[in-house]
There are 2 protein chains.
Amino acid sequence: MKRPAAARRDAATSAPEAGQQVSDDTLREFIGYHIKRAFNVVQADLNQALKPLGLRMVTYSALVLIVDNPGLRQSQLAEALDVERANLVVIIDELEGRDLITRDRVPTDRRAYALNPTLAGRRLYDRALEAVRGHERRILNGMTEETKLAVIGAMSLIRQSSGGGSKGG
Amino acid sequence: MKRPAAARRDAATSAPEAGQQVSDDTLREFIGYHIKRAFNVVQADLNQALKPLGLRMVTYSALVLIVDNPGLRQSQLAEALDVERANLVVIIDELEGRDLITRDRVPTDRRAYALNPTLAGRRLYDRALEAVRGHERRILNGMTEETKLAVIGAMSLIRQSSGGGSKGG
DNA sequence: TATTGTTATACTCTATAACTATA
DNA sequence: TATAGTTATAGAGTATAACAATA
């Protein structure tokens, strides 16, 4: 109920002193605010880094998981990426259309497709990982290994607070 | 160029052993991946917390900044929230339509509007902050103060790597 | 009956260009 | 000329329902 000391200007219908800068002291109390702002930077820079390869964040993540888990099914990939099966279809269409992966019928369950990378897919995987490593070097800007581990631990802690799937946002 | 030891299954067009679970070891090398997953959880839970108040993440942030910086202009708010002026219009419309804020003409610059909270706006601000504090308690799940500060420092470091505006993602 | 992949649809968020009224 | 707010529009991202084929 108490209000932030620093932020507040004066009371009702105050004048908009133009040159003055906006205080976000109240929002900065919250860790979620900092995460959101940082994530915006990460996302923007990552997409820039992936653009020359014709990839976006989702298509990149999907390609990596398919190369690392060849033969997995669309439903498994959808769950791993935390996207709806329906929305994954166009992502897979895109990767398949560029001959980066193949959709292979599963003999033992003819409803399902096994996703496998092509040679081109594996090559793009290597280039994408190099690009993303460069991107991380850029945005981390000399962050210590200790801090990195602390962040990863903290993010995992937050992730655990949710039951599992995190949609609905 | 080297490949993750843990992740890889066998080679070309392998079988999709159904029960097996998907490895994201390669992606977990990257801090951005952890931030994204955590942010998804934060966003989903925050929106749940704000729903009873009729607020979303943006409208909440906008309301907080308007209460803390009464009299600021839309363009200032747009910059502070890192959204386009054009997209802020509907957000402001929404808050104004609910009589949480007012758009007041600036006498010294008749192009601009000064944004001011109403009494109802200030009251909802208080309730929203309470709700968000509860949300943070929930998702942080006993994170130590030390870790929190480390995370905030790390997120600020990432934010600094960008020139300022972080759009284009 | 349930599940896999699919289509269609809708709703949010975001980016861009162009307009108006003022400066 | 430039700026503040606005409108319109298009592209992502995402959620839901319903369908065909298969289990």
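Numbered from 1 within each chain, the chains take letters A, B, ... in sequence-line order.
- Comparing dT4(C), dA4(D), dG13(D) against the side chain of Ala112(B) picks out dA4(D) as the nearest.
- Annotation: the span from Leu115(A) atom CG to Leu95(A) atom CG amounts to 9.0 Å, rounded to 0.5 Å.
- Between the side chain of Ser23(A) and the backbone N or O of Asp25(A) there is at least one donor-acceptor pair closer than 3.5 Å.
- In the model, Arg105(A) has a side-chain atom that pairs as donor or acceptor with a side-chain atom of Tyr113(A) under 3.5 Å.
- Residue Ser75(A) has a polar side-chain atom (N or O) positioned under 4.0 Å from OP1 or OP2 of dG5(C).
- The phosphate of dT4(C) (OP1 or OP2) has no side-chain N or O of Gln76(A) nearer than 4.0 angstrom.
- Mapping Arg85(A) and Arg110(A) onto DNA chain D via the closest heavy atom, the residue that lands nearer the 5' end is Arg85(A).
- Going from atom CG of Leu55(A) over to atom P of dG13(D) covers 12 Å, rounded to whole Å.
- Within 4.0 Å of Ala86(B), counting heavy atoms only, lies at least one base atom of the nucleic acid.
- Rounding to whole angstrom units, CG of residue Leu88(A) and P of dT16(D) are separated by 17 Å.
- Rounded to whole Å, atom P of dT22(C) lies 15 Å from atom CZ of Arg73(B).
- Going from atom CG of Asn40(A) over to atom C1' of dA15(C) covers 14 Å, rounded to whole Å.
- One can place CD of Glu84(B) at 10 Å from P of dA17(C), the figure rounded to the nearest angstrom.
- The distance from atom CG of Asn87(A) to atom C1' of dT9(C) is 11 Å, rounded to the nearest whole Å.
- Considering only side-chain N and O atoms, Arg111(B) lies nowhere under 4.0 angstrom from the phosphate OP1 or OP2 of dA21(C).
- When the P atom of dA12(D) is taken as reference, atom CZ of Arg56(A) falls 7 Å away, rounded to whole Å.
- Between Arg103(B) and the phosphate of dA4(D), there is no side-chain N or O to OP1/OP2 separation shorter than 4.0 Å.
- Between the side chain of Asp109(B) and the base of dA4(D), no donor-acceptor pair of N or O atoms lies under 3.5 Å.
- With rounding to the nearest 0.5 angstrom, the CD atom of Gln48(B) is 9.5 Å from the CG atom of Leu50(B).
- Here the side chain of Val89(B) is nearest to one of dT16(D), dG5(C), dT7(D), namely dT7(D).
- Rounded to the nearest 0.5 angstrom, Ile158(B) CD1 and Arg37(A) CZ are separated by 14.0 Å.
- In this structure, the CZ atom of Phe39(B) is 11 Å from the P atom of dT14(D), given to the nearest Å.
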